[in-house]
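Reviewing the structure listed below.
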Amino acid sequence: MTSKIGSTVLGYPRIGPNRELKRALERYWSSRIDEAELRAVARELRVDAWRALRDAGLDSVPGNTFSFYDQVLDTAVTFGAVPPRFAGLGLGPLDTYFAMARGVESAPPLEMTKWFDTNYHYLVPEIGPDMRFSLADRTPVEQYREAAAEGVTTRPVLVGPLTFLLLAKAADGAPESFRPLDRLDGLLDAYAELLGELRRAGVEWVQLDEPAFAADRTPDELDALRAAYQRLGELEERPNLLVAGYFGDLGEALGALASSPVEALAVDLVAGKSTVDSLSTVRGLSGKTLVAGLVDGRNVWRTDLDKALATAATLLGSADEVAVSTSCSLLHVPYDVAAEADIDPQVKSWLAFAAQKVREVVVLGRALGEGRDVVAGELAEARAAIADRASAERVRNHRVRARLRALRPEYSQRSDYEARRAAQQKSLRLPALPTTTIGSFPQTTDVRKARAALRSGRIDQATYRQRMRDEIERVIRLQEEIGLDVLVHGEPERNDMVQYFAENLNGFASTDNGWVQSYGSRCVRPPILFGDVARPKPITVEWTSYAQRLTEKPVKGMLTGPVTILAWSFVRDDQPLADTAKQVALAIRDEVNDLEAAGIRVVQVDEPALRELLSLRSAQHADYLDWAVTSFRLATCGVAESTQIHTHLCYSEFGDVINAIVALDADVTSIEAARSRMEVLADLNAVGFGRGVGPGVYDIHSPRVPETAEVVDLLRAALAAVPAERLWVNPDCGLKTRGYAEVEAALKHMVGAIAELR
């Protein structure tokens, strides 16, 4: 008889309520603190999280959810999947780990891409046919013991073996027929060894995350899942196994896992609503624990507790125990709404961040276990907040809704690309292989201090504007000196590419402390889209027009696209996402048109999140891609032929949306390509992409400065796939997070490479 899980969460934020880990990491990377100091900060954050979850009343506390950078990278290190270029650097374990994440001069980092359909980024493992897995790092055991010493019993959480291999890529030089999944048997040996050590340390439950099976999987991959969990389930010495599948419906994998010897399954009943019906027919749940993910781990709205309890009631009897959890890890939401002093009180009453979601889980667990009467007050409070949000007038803008009803197909159409190209060549007169950047330049301490001083009232608006103008002029002069062809104003006035627009649009609320980890030390504050979206006045025209007056070269207007604004916000869930996207698109269209009217001849509308919102199930792709493409075109198709529209995409698996990239009909598409060494160009060529393309030649997520020869090699590879008349040259992404010394050197090398090729 196994112990019960009860109320739990599948994971918790780890960056620190005040971004303590971010600051410690960046001080360590700049040699301002040593490893012992960094580890002390990390330990304090772990202990605080364990105690908070225990004290909140959870029956089972997740452990091993802390990471210095990324949980997939942690898994690679745990099982010895360290590529040879890092193993031979002569660094200590922690610095080798960071080299894999960030690269060093002699060793480029692992590729980085999005964690399923979230804005979290993971490091892509490199697995070759000769990879020999082993239990190389015992952090999961050590952190269990660390928590136990603090009086907290934890449930270690690991990325599951199938998900780890399915997210990996074949190492360079591997045979074309090789798949990382071919190394499953060796990896399972290492997992078995770790499970044995955990059991001997006293661990009762281990959670293995397998979100890869919320996506379409082949029969061969499903067979591998069955075999893997049959084997792990039959181990003589192991803890109880909870296998968690989230981000959607598990489909056939649900039955495969239910028939295996594992003790518990966690299912996402928020993103995978259809799972409720499947559970009534799946065999094998008798005798198991079913962990019902009833509280949304990815959005910030309060849970409708009455509805969640009604769903839970339908599950009773389908398994030996029905436990309550979040739909996925709470890594994707901020820590605590109580830390927000400036959000409108009515909107704030509709919200639940990680701390509130933990309490919702506890309330649901008590209601199921002890009866609704013991939590009647909490249920009534939630009911009132749900009703207030549903009836609030502030969520509706009748002018915006009338504008949507008046839309016509021609609003999303431009003339033929070749006609536009000719008009743009005549207007812009750009050289072969034109150079540009993606938009942002490094945000200096002085720039950040000026924004903070404006917020606190220590400087007035006029002083702030002058400081931003001074920075814009500095950036323009730097780009002219380096020799770039299409310039940007550098975006010193922007805190974040989505938050900045949200703060200037109606229908959004912004947070002061709502930080969420994107990757490593990089954190964002996603805005909260609670109502109909409208643009009350121009947002970027003043800054871009000023920059254009400083130079004879064209300056790009820089905007964020509607899909990315949705993907990187916490979006309302009370209307179809397509309707919300069109509202945002109309606001961006107004900005594009105003930039053109101000004399801006190049406008970039970034959509790095285009792939991110794509459903994990292919059957739902067409509907999403239809409204995503329509939204982008609605935002960009109101300009003259001579106005050049750019877009930018980064850090996603682009093959899945390659036809949509074509359908965006942008004149130029810049795209992340440096880490993958131009792999994306083959995908573009395969679908006959015939517009301008700028594959990145400088990986801005690494402190490495590529030498001129390295950029030349990348561009020669690009020229083998793209004719010179369509090829643009640019970094992978914006330069905001880098320092000026490395940026100047890298851009000079980039321009030097172009001089050589021209």
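Computed from a predicted structure; not experimentally measured. Positions are given from 1 along the sequence. Note that these values count all heavy atoms, side chains included, but never hydrogens, waters or copies made by symmetry.
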- Checking Ser670 side chain against Thr647 main chain: does a donor-acceptor pair fall under 3.5 Å? yes
- Which atoms form the tightest heavy-atom contact between Leu94 and Arg39, and what is the distance? CB-NH2, 3.8 Å
- Message: Quick check on side-chain contact (heavy atoms from CB on, under 4.5 Å): which of His749, Met750, Glu744 does Leu747 satisfy it with?
- Response: Met750
- Query: Between Trp115 and Phe247, what is the ring plane arrangement, given parallel below 30°, perpendicular above 60°, and tilted in between?
  - Reply: perpendicular
- Are the side chain of Thr118 and the backbone of Lys114 linked by a donor-acceptor contact shorter than 3.5 Å? no
- Message: Just checking Glu35: does its CD atom have more than 12 heavy atoms from other residues, nucleotides or ligands closer to it than 6.0 angstrom?
- Response: yes
- Query: So, Arg704 side chain and Asp699 main chain: donor-acceptor pair closer than 3.5 Å or not?
  - Reply: no
- Would you say the side-chain atoms of Ser440 pair up with the backbone N or O of Lys736, donor to acceptor, closer than 3.5 Å? yes
- Query: Is there a donor-acceptor pair under 3.5 Å between the side chain of Glu37 and the backbone N or O of Asp34?
  - Reply: yes
- Spell out, as yes or no, whether a donor-acceptor pair under 3.5 Å connects the side chain of Thr163 to the backbone of Ala212. yes
- Message: When you measure from the centre of the six-membered ring of Phe66, is the NZ or CZ of Arg14 closer than 6.0 Å and no more than 45° off the axis?
- Response: no
- Message: Which heavy atom of Leu241 sits nearest to which heavy atom of Glu263, and what is that distance?
- Response: N-OE1, 2.8 Å
- Query: Any donor-acceptor pair under 3.5 Å linking the side chain of Asp713 with the backbone of Glu710?
  - Reply: no
- Query: Can the ring centroids of Tyr191 and Phe79 be said to lie less than 6.0 angstrom from one another?
  - Reply: yes
- Message: With a 3.5 Å distance limit and no angle check, can you tell me whether Thr564 reaches the backbone of Ala609 through a side-chain donor-acceptor pair?
- Response: yes
- Item | Exam field: side chain Gln207 to backbone Leu10, donor-acceptor pair closer than 3.5 Å | yes
- Item | Mutual orientation of the aromatic rings belonging to Tyr28 and Phe98 [parallel < 30°, tilted 30-60°, perpendicular > 60°] | tilted
- Query: Can you tell which of Arg298, Arg611, Arg617 makes a salt bridge (Lys or Arg N to Asp or Glu O under 4.0 Å) with Asp117?
  - Reply: Arg298
- side chain to side chain donor-acceptor pair (under 3.5 Å) between Asp220 and Thr218, intermediate numbers included: CA-CA 5 Å; Asp220 183 45; Thr218 66; 5.0 Å; no
- Message: Side chains of Asp74 and Tyr97, heavy atoms from C-beta outward: is any pair under 4.5 Å?
- Response: yes
